[in-house]
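Everything on this sheet refers to the single structure shown next.
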Amino acid sequence: MRKHFFKKCMLLLCPFFGQQLAAQTLTWQPGVLHENQKISFQYQPKGGDLEFSDQPKALAAVYSGSKWSTVPVQLEKKNDIWSGNYQLPDHAVFIALKFYQGDIQNPEASDNQNGKGYYHQVLNTKGQLVPGTYLAEAGLRAGIAGNLMLNSFVSPSRDQKMIDSLLQKEENISKRIPRSLLFNYLELKQLTMPASEFSLMADNLLKGELKNGKLSEQFLAQAQRYYEKLKNENGSAAVESLIFKDYPKSSTARFLAFRKNTEGKSGKDFETGAEDFLKAFPYLEWKKSPDAQSFIYYTIFRNLATQYFDGGLNEKFLGLFKDIDFKTANEIYRWNITRGQMSGRGDQKLLYKFSSTIIPYLLERQKDKSYLVDFGNDVDKAQQNADNQMDDRLFTHISLANAQGDYAAANQYFKYLSEKGSIGNADLNEMHVNILEKLNDTKAIKPVLESSVAANAVTPIMFTKLKELYKSEHGGKEDGYEQYLAGLTPSDKKNEMRAHVMANMVNYPLIPFSLENADGKMVSSKDWANQIVVIDFWATWCRPCIEAFPGMQLLVDQYAKDPKVAIYMIGTMQFGDYKTKSVKYIQDNNYRFNLLHDAVGAKGEQDQVFRSLTPLFKSSAIPRKIIIKNGLVRYSSEGYSGSPSQLRDELSTAIEILRAEK
């Protein structure tokens, strides 16, 4: 009876086991693979995750010349079998395949034979296994092939017996591990031995190779790095000596000299070390045949420039710009000149003198493609970044010239701005108008103002100036001004703004609160039932918050006579006598704001209302604008674009959308 019951259970389970055992398969043709041979394979996905895939993809990984490379392989389907072809390269010793659907970086589904992998050895033209074959397999299966993408070809295992077995087979083939494979071998061998034993063994192997002579720069560089990895200072120093002796002007020697002369050094020590490095490895010599070590000179020049600048070595500071590329020169200018201009510290006249010398260098090299490596060799993105950087540097230079009263010099640099930079910065636009006024170029002022409105980059002062010009042209009357102003903004800009606002609409319950205002009276959110209320969270220490105040003033003025709209500035996350500081700042700068002070928590943190909304914000950053209607937060946006008019339009658009709701 019991035996009969067991048979019945097995019969019931047969369909389940049948599905599990219908494993996906891969066959290779020919059955024995040789280097430099065209091969094919047939893939049967039945029973795997790709069984019902309409378009699986294949990626081949080939070990050749002691390195892995990957290449996609086109698949074709016939009778539920997917097939592909691939030309094995010279010196190939091992090939692996992975099948997947979707994007290789984040596949929707994949098949690596349940972690076992699909791979095959490749023989040489004489039909022999060659050195590297078992190293490739061990590296793939252990997950240390040197390419993270290969870790998905199998399920990596650091099983010591498996690795040791494959390395013994490798040793049998090689007899003596070839120099080209030595470091791959050591990386795997380290997984099979105690640390102390391995360090001794690795040192002996490396010493043996070093004694054999005929050492390439590449091998010496690898040996030096490997000794560092082993924390073997004597070995590392010995190899360094060989590098400086046999390859004194090589990239490896350059990198080692860079570290020796600058690593861990600052101040005068760095200055001396950097200058010694530049004498031994001149920048112009490297520039004749540049390699991937541009970062060395970028670091050297950038830090050396700051040392000269802070030390008052003006001639040395300016002398650095003679030969360096745009990327490096731009960073030196940004860190020293722009930073000094923005902070208002230091001799502004001297900054302007420096800027007048440096800006022509920057303009000359703006298209030298020095940012290319930072943008994955995307020429357009690299140049766009360079142009944006140049706009920022020109803003600094024009600001310095304007502050020094050199209006004619300032005016000539507007023509070098990009199309976006020439009219997209509200502060620069205001400065442009001021410069034109100082130069009595009245005809040019109105076009600048109108273009600024079209770009939505206008300050309150500019709006005042434009209204004055309009009235002067219309007999002192402002009839039709608002229509004229609205007509200057392109419809696509208005549509973009509306789309941006709609994307930031929310529906989040507001926890009621009462806060103290500038006069010491309490203001309760429960009293806002019939209003649309804009709140700006800000702090006296927050520069973007302060920079956004002109835009908030435009908004306040726009709705000053509208009882259905209220605007409050809530100072938050402040310290010390924050009430006095907040009120004083608002009064000293003549802002007409309704000021509130955020509530203080049990630990003295002045952020209670703001903190109550952080689940909505998912951020603790300010400035932050919200709009409240009927006890709900209906709009939320973070940051400041830099344009007062754009901020005003953003919030007024949101207000009018909420007002129009039924």
Side-chain angles (χ1 to χ4, degrees), residues 262 266-267 270-271 274 283 294-375 381-404 406 409-410 413-414 416-418 420-422 424-429 431 542-544 546-547 639-642:
T262 64
S266 60
F270 177 88
E271 181 182 327
Y283 174 68
S294 61
F295 72 93
I296 289 178
Y297 292 98
Y298 177 82
T299 304
I300 288 279
F301 285 123
R302 183 183 166 203
N303 290 283
L304 193 56
T306 300
Q307 182 65 22
Y308 289 158
F309 184 84
D310 292 344
L313 302 174
N314 299 344
E315 289 187 13
K316 283 190 171 184
F317 175 74
L318 293 174
L320 293 175
F321 291 90
K322 183 180 178 182
D323 302 309
I324 58 179
D325 60 20
F326 177 82
K327 173 184 172 181
T328 308
N330 171 66
E331 177 57 22
I332 292 173
Y333 185 106
R334 184 196 69 81
W335 182 251
N336 297 284
I337 310 300
T338 296
R339 193 163 62 111
Q341 182 269 326
M342 290 182 68
S343 68
R345 298 170 184 167
D347 188 338
Q348 298 293 300
K349 186 175 181 180
L350 183 61
L351 288 179
Y352 178 47
K353 180 181 177 182
F354 285 163
S355 183
S356 298
T357 300
I358 300 168
I359 286 293
Y361 283 127
L362 290 173
L363 288 170
E364 178 187 326
R365 293 161 200 173
Q366 186 177 347
K367 298 186 184 300
D368 69 359
K369 300 180 181 179
S370 50
Y371 276 107
L372 201 55
V373 67
D374 299 308
F375 290 87
K381 287 184 178 179
Q383 190 56 54
Q384 183 181 10
N385 178 68
D387 293 343
N388 291 340
Q389 294 293 328
M390 191 70 243
D391 285 343
D392 290 342
R393 305 295 80 80
L394 286 168
F395 177 87
T396 298
H397 183 67
I398 292 169
S399 299
L400 287 166
N402 182 58
Q404 294 301 314
D406 195 354
Y413 280 99
F414 283 98
Y416 296 111
L417 291 160
S418 69
K420 177 183 177 182
S422 65
N425 184 313
D427 292 333
L428 187 60
N429 293 340
M431 203 181 308
C542 171
R543 185 185 180 96
I546 302 301
E547 290 176 341
Y640 176 54
S641 68

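Here the structure is a predicted model, which means the values were calculated and not measured.
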Working to the nearest 0.5 angstrom, can you tell me the gap between [X] [atom1] and [Y] [atom2]?
{"X": "Lys367", "Y": "Lys369", "atom1": "NZ", "atom2": "NZ", "value": "10.5 Å"}
{"X": "Phe395", "Y": "Gln341", "atom1": "CZ", "atom2": "CD", "value": "6.5 Å"}
{"X": "Asn429", "Y": "Met431", "atom1": "CG", "atom2": "CE", "value": "9.5 Å"}
{"X": "Lys327", "Y": "Asn385", "atom1": "NZ", "atom2": "CG", "value": "9.5 Å"}
{"X": "Ile398", "Y": "Asp427", "atom1": "CD1", "atom2": "CG", "value": "12.5 Å"}
{"X": "Glu331", "Y": "Tyr298", "atom1": "CD", "atom2": "OH", "value": "4.0 Å"}

Minimal non-hydrogen separation, [X] against [Y], with atom names:
{"X": "Ser355", "Y": "Ile337", "value": "CB-CG2, 4.2 Å"}
{"X": "Tyr283", "Y": "Asp323", "value": "CE2-O, 3.3 Å"}
{"X": "Lys349", "Y": "Gln404", "value": "N-NE2, 3.7 Å"}
{"X": "Pro360", "Y": "Tyr413", "value": "CG-OH, 4.3 Å"}
{"X": "Gln383", "Y": "Gln366", "value": "NE2-O, 3.3 Å"}
{"X": "Gln389", "Y": "Asn330", "value": "OE1-ND2, 3.1 Å"}

message: What verdict does the side chain to side chain contact (heavy atoms under 4.5 Å, CB included) test give for Leu350 and Asn314, after you've listed the backbone C-alpha separation in whole Å, the side-chain angles of each residue and the deciding distance to 0.1 Å?
response: CA-CA 10 Å; Leu350 183 61; Asn314 299 344; 4.2 Å; yes
Below 4.5 Å, heavy atoms only, C-beta onward: do [X] and [Y] meet side chain to side chain?
{"X": "Trp335", "Y": "Phe309", "answer": "no"}
{"X": "Leu428", "Y": "Asp391", "answer": "no"}
{"X": "Arg393", "Y": "Thr338", "answer": "yes"}
{"X": "Tyr308", "Y": "Leu318", "answer": "no"}
{"X": "Gln348", "Y": "Leu351", "answer": "yes"}
{"X": "Asn336", "Y": "Phe317", "answer": "yes"}
{"X": "Ile359", "Y": "Tyr416", "answer": "no"}
{"X": "Leu320", "Y": "Lys316", "answer": "no"}

field: Trace of the side-chain hydrogen bond (donor to acceptor under 3.5 Å, both in side chains) decision for Tyr352 with Asp406
entry: CA-CA 10 Å; Tyr352 178 47; Asp406 195 354; 2.7 Å; yes
Side chain to side chain contact (heavy atoms under 4.5 Å, CB included) partners for Ser422, two or more places apart: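 Per chain and number, Ser422 pairs via side chain to side chain contact (heavy atoms under 4.5 Å, CB included) with Leu417.
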- prompt: Only one of Ile324, Thr306, Leu304 forms a side-chain contact (heavy atoms from CB on, under 4.5 Å) with Ile332, so which one is it?
  reply: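 Per the side-chain contact (heavy atoms from CB on, under 4.5 Å) rule, the option paired with Ile332 is Ile324, out of Ile324, Thr306, Leu304.
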message: Run Tyr333 and Phe354 through side chain to side chain contact (heavy atoms under 4.5 Å, CB included) and show every step you take.
response: CA-CA 9 Å; Tyr333 185 106; Phe354 285 163; over 6 Å; no
- prompt: Passes side chain to side chain contact (heavy atoms under 4.5 Å, CB included), Gln307 versus Ser266? Steps please.
  reply: CA-CA 9 Å; Gln307 182 65 22; Ser266 60; over 6 Å; no
- prompt: Parallel, tilted or perpendicular for Tyr361 and Phe321, by the 30°/60° rule?
  reply: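 Plane angle under 30°, so parallel.
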field: Sidechain-backbone polar pair: Asp368 side chain, Asp325 backbone, donor-acceptor under 3.5 Å
entry: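 Judged by distance alone, no pair lies under 3.5 Å.
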